[in-house]
Amino acid sequence: MDSSRKSELAIFAAILLSVAVFIGVHYRLSALQDSMQHSIDQSLKLANLHNDIRYYDEVLTMTAQVAAHSGDLQGVWRQRHAFTSKLINNALRRAETYVARDTLSKLRSANRELLAIEDLVFAALNSGARSKAISLLNSATYAERKQTYIATHNKLQNLLNASALANRSAGEQTRRQSQRLSLAAVILLASLWAIVLSFAARWRRHMVDSNTELTELAHYDNLTGVANRTLFNQRLAEAVANSDRTGISLALIIIDVDKFKDINDTHGHMAGDELLKTVATRLKARARSTDTVARLGGDEFAIVATQINNPMDVNTLANDVVHDALERFEFDNKQIGTGHSVGVALYPDDADDVESLMQKADFALYQAKSAGRSTYRLFDQRLEDQVQSRKRVQDDLLQGLQEDQFELHYQPLIDLETSGVRGVEALLRWNHPIRGQVPPNEFIPLAEEAGLMDELGDWVLRHACRQQVAWRDTGLADLRVGINLSSIQFQNPELVANIKQVVCDSGMSPGKLALEITETGIMDKGDTVIELLKELNDFGITLAIDDFGTGYSSLAYLKHFPVHVLKIDKSFVDDLPHNHADAAIARTIISMARSLRLRAVAEGVENDEQLAFLRAEGCDYVQGYYFAKPQGANDFAQWYLAQNGSNVLSFKNR
């Protein structure tokens, strides 16, 4: 065989060998690539699982703490706590693939012990024992179980980290095998080196992309691209720590997008998403490079503004954020308008830790919303103190209903024609165990604000009806009893049915009950109230408009209301008969009542001159301190017996 033939055979063999090596290397590298991809996927799953468990732990603790400090009247935080508990259990089940079951069993046991105390916290909140809930969270037992849980949780995290490291180590080992194979291929066939390098470069790019993707998923909002809540919490904690070191203030700015739900409902969720992206872009443009813009969830954003040397800078930034939102954004060739409500709190001026700083900023945001939205508010400690004070009174009101701290006082209604007692007005009194007797003008508005007027009104109605029947059955008198209805009670669709039921249950004649409604409380409610009043009138109940003349309603409505009595407000009686304006008003109301075939009642009569004027003008009934102050049921009964058989108009209660 000649050399040329040998050369050809050698070349052919080299080609065959090259092809064989190429094929072998190709398949081997493919297998290695699959192995590396598997390791990357496992690392990603472990990282997500690690973050999920840590986040759910934070949410569980946060919901219990926030619920305890806020009272959780609506049960929102309890629902979130229960939902998060299910999420963490699901995460632990996913962890069974990567760690030993005994570790998960210990963690579940520690979690159950911790949840048991937190369930007691929510149970205490449901029963109104807010202080007990806070005590449970601050108890040594809770702290000890929390530490046990944290220790077991840390062990789980270490195992997950170890598993992740093992996967990364396997990927690294695979990479080294790939390099060795590539080196061998280069020694055999230099032409394969480029192919091996191409595979290696491709793998490296994939690793970089995977790491970048993990970072983005862990710390940034996938819709707007700004920091997510996890990164926000981290940056805020770092900013607070830096402020403690340097003594330079920081500001936490919470932004809520106004009308976001309306935009979603009207223009669709795509429009809502575009709005959120626009908001994020505008906030980033306003923030400095050292600040952090974050989306906390839904339509809520935040800015952590560091290095605040001049508080006026915060006012300027907040005002700019509000002003930017007034610029309409375009979607689907439509100009859509919105706004921002902004709350601002400073550290350390307004708060001494991260949690309280968040609470102060949220409170300021609430004040901005209450002010009509599309504005900003700086945290004001005086306003928070007022709100907390009102909240305490509202809590005391609920407790007062449960502990029977209320009582009714009765003031007589005098008939000027017969000089006798025509009826009584039942007036609510609150005997607070610490504050003493609280005036109605203080606690009634708070009861309306707290949504307690239905319960309070029902209590007044039941006790007044029972007292009227008790007086009647003991032979004292069969007097008409008047009670006041709040305009809030007209929002209850069961109001009329409840009144009828209470009257029937008490055994009282419907004609002996008078319901007093303020002029402003019914005039702006139109036909709905008219129908309710007609139903009460048909039942036989007397209807009176209280404080008549103090509202600004149309008198044209008055002829449509089935009322029987107009009560002249005390402010028009105080200066009678010397104040000509008050005299003219009182005279007009009495004349109007007579023309409409209604009865006129004057409140607040305190002297002979007032009484003489009202008698001369033809007023039907009067009441006031001239005759008797409001008294408890027993005292009124004694007063009534003392006047029995005498001219009550000659009596003065001193």
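Residue numbers run from 1 in the order of the sequence given.
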Pair Lys261 + Asp265: basic N to acidic O under 4.0 Å: yes
Expected output: side-chain Arg295 to main-chain Leu223 donor-acceptor under 3.5 Å: no
Glu144, CD: over 12 other non-hydrogen atoms inside 6.0 angstrom: no
Test item: Val226 and Lys284 side chains (from C-beta on) under 4.5 Å apart, heavy atoms: yes
Short side-chain to backbone donor-acceptor contact, Ser243 and Ala239, under 3.5 Å: no
Any residue meeting salt bridge (charged side-chain N to carboxylate O under 4.0 Å, His left out) with Lys369, in chain and number order, not counting sequence neighbours: Asp256
Glu300 (side chain) donor-acceptor with Gly297 (main chain) under 3.5 angstrom: no
Note, Phe260 side chain near Leu275 side chain (heavy atom, < 4.5 Å): yes
Test of ring centre spacing under 6.0 Å for Phe122 and His81: yes
Donor + acceptor pair across side chains of Thr338, Asp258 (<3.5 Å): no
Asp350/Lys360 salt bridge by N-O under 4.0 Å criterion: no
Which residues share a salt bridge (charged side-chain N to carboxylate O under 4.0 Å, His left out) with Asp299, sequence neighbours left out: none
Side-chain heavy atoms of Phe301 within contact of Leu296, under 4.5 Å: no
NZ/Lys334: more than 12 non-hydrogen atoms of other groups inside 6.0 Å: no
Minimum-distance pair of heavy atoms, taken over all atoms of Val342 and Ala318: CG1-CB, 4.3 Å
side-chain hydrogen bond (donor to acceptor under 3.5 Å, both in side chains) evaluation trace for Thr518 with Asp547: CA-CA 6 Å; Thr518 61; Asp547 301 335; over 6 Å; no
Parallel, tilted or perpendicular, as decided by the 30° and 60° cut-offs, for the rings of Trp430 and His432: perpendicular
Asp221 (side chain) donor-acceptor with Thr224 (main chain) under 3.5 angstrom: yes
Full working for side-chain contact (heavy atoms from CB on, under 4.5 Å) between Val460 and Phe406: CA-CA 9 Å; Val460 171; Phe406 293 92; over 6 Å; no
Side chain proximity check, Thr306 to Asp291, heavy atoms < 4.5 angstrom: yes
Residue pair Arg377, Thr375: steps toward the side-chain hydrogen bond (donor to acceptor under 3.5 Å, both in side chains) verdict: CA-CA 7 Å; Arg377 287 292 182 270; Thr375 186; 3.3 Å; yes
Minimal non-hydrogen separation, Leu378 against Ala364, with atom names: C-CB, 4.1 Å
Minimum side-chain heavy-atom gap Leu250-Leu357 below 4.5 Å: yes
Straight-line distance of Gln79 CD to Thr84 OG1, nearest 0.5 Å: 11.5 Å
Leu365 side chain near Phe379 side chain, heavy-atom distance below 4.5 Å: no
Other residues, nucleotides, ligands: >12 heavy atoms within 6.0 Å of Gln234 CD: yes
Side-chain heavy atoms of Val279 within contact of His340, under 4.5 Å: yes
Separation of Asn233 CG from Met358 CE (nearest 0.5 Å): 7.0 Å
Ile248 and Ile308: CA distance, side-chain angles, deciding distance, side-chain contact (heavy atoms from CB on, under 4.5 Å) verdict: CA-CA 6 Å; Ile248 301 177; Ile308 302 298; 5.6 Å; no
Lys259 with Asp262: basic N within carboxylate O range, under 4.0 Å: no
Residue pair Arg282 / Phe329, side-chain heavy-atom distance below 4.5 Å: yes
Thr316 vs Asn319, side-chain hydrogen bond (donor to acceptor under 3.5 Å, both in side chains): CA-CA, chis, key distance, verdict: CA-CA 5 Å; Thr316 302; Asn319 186 65; over 6 Å; no
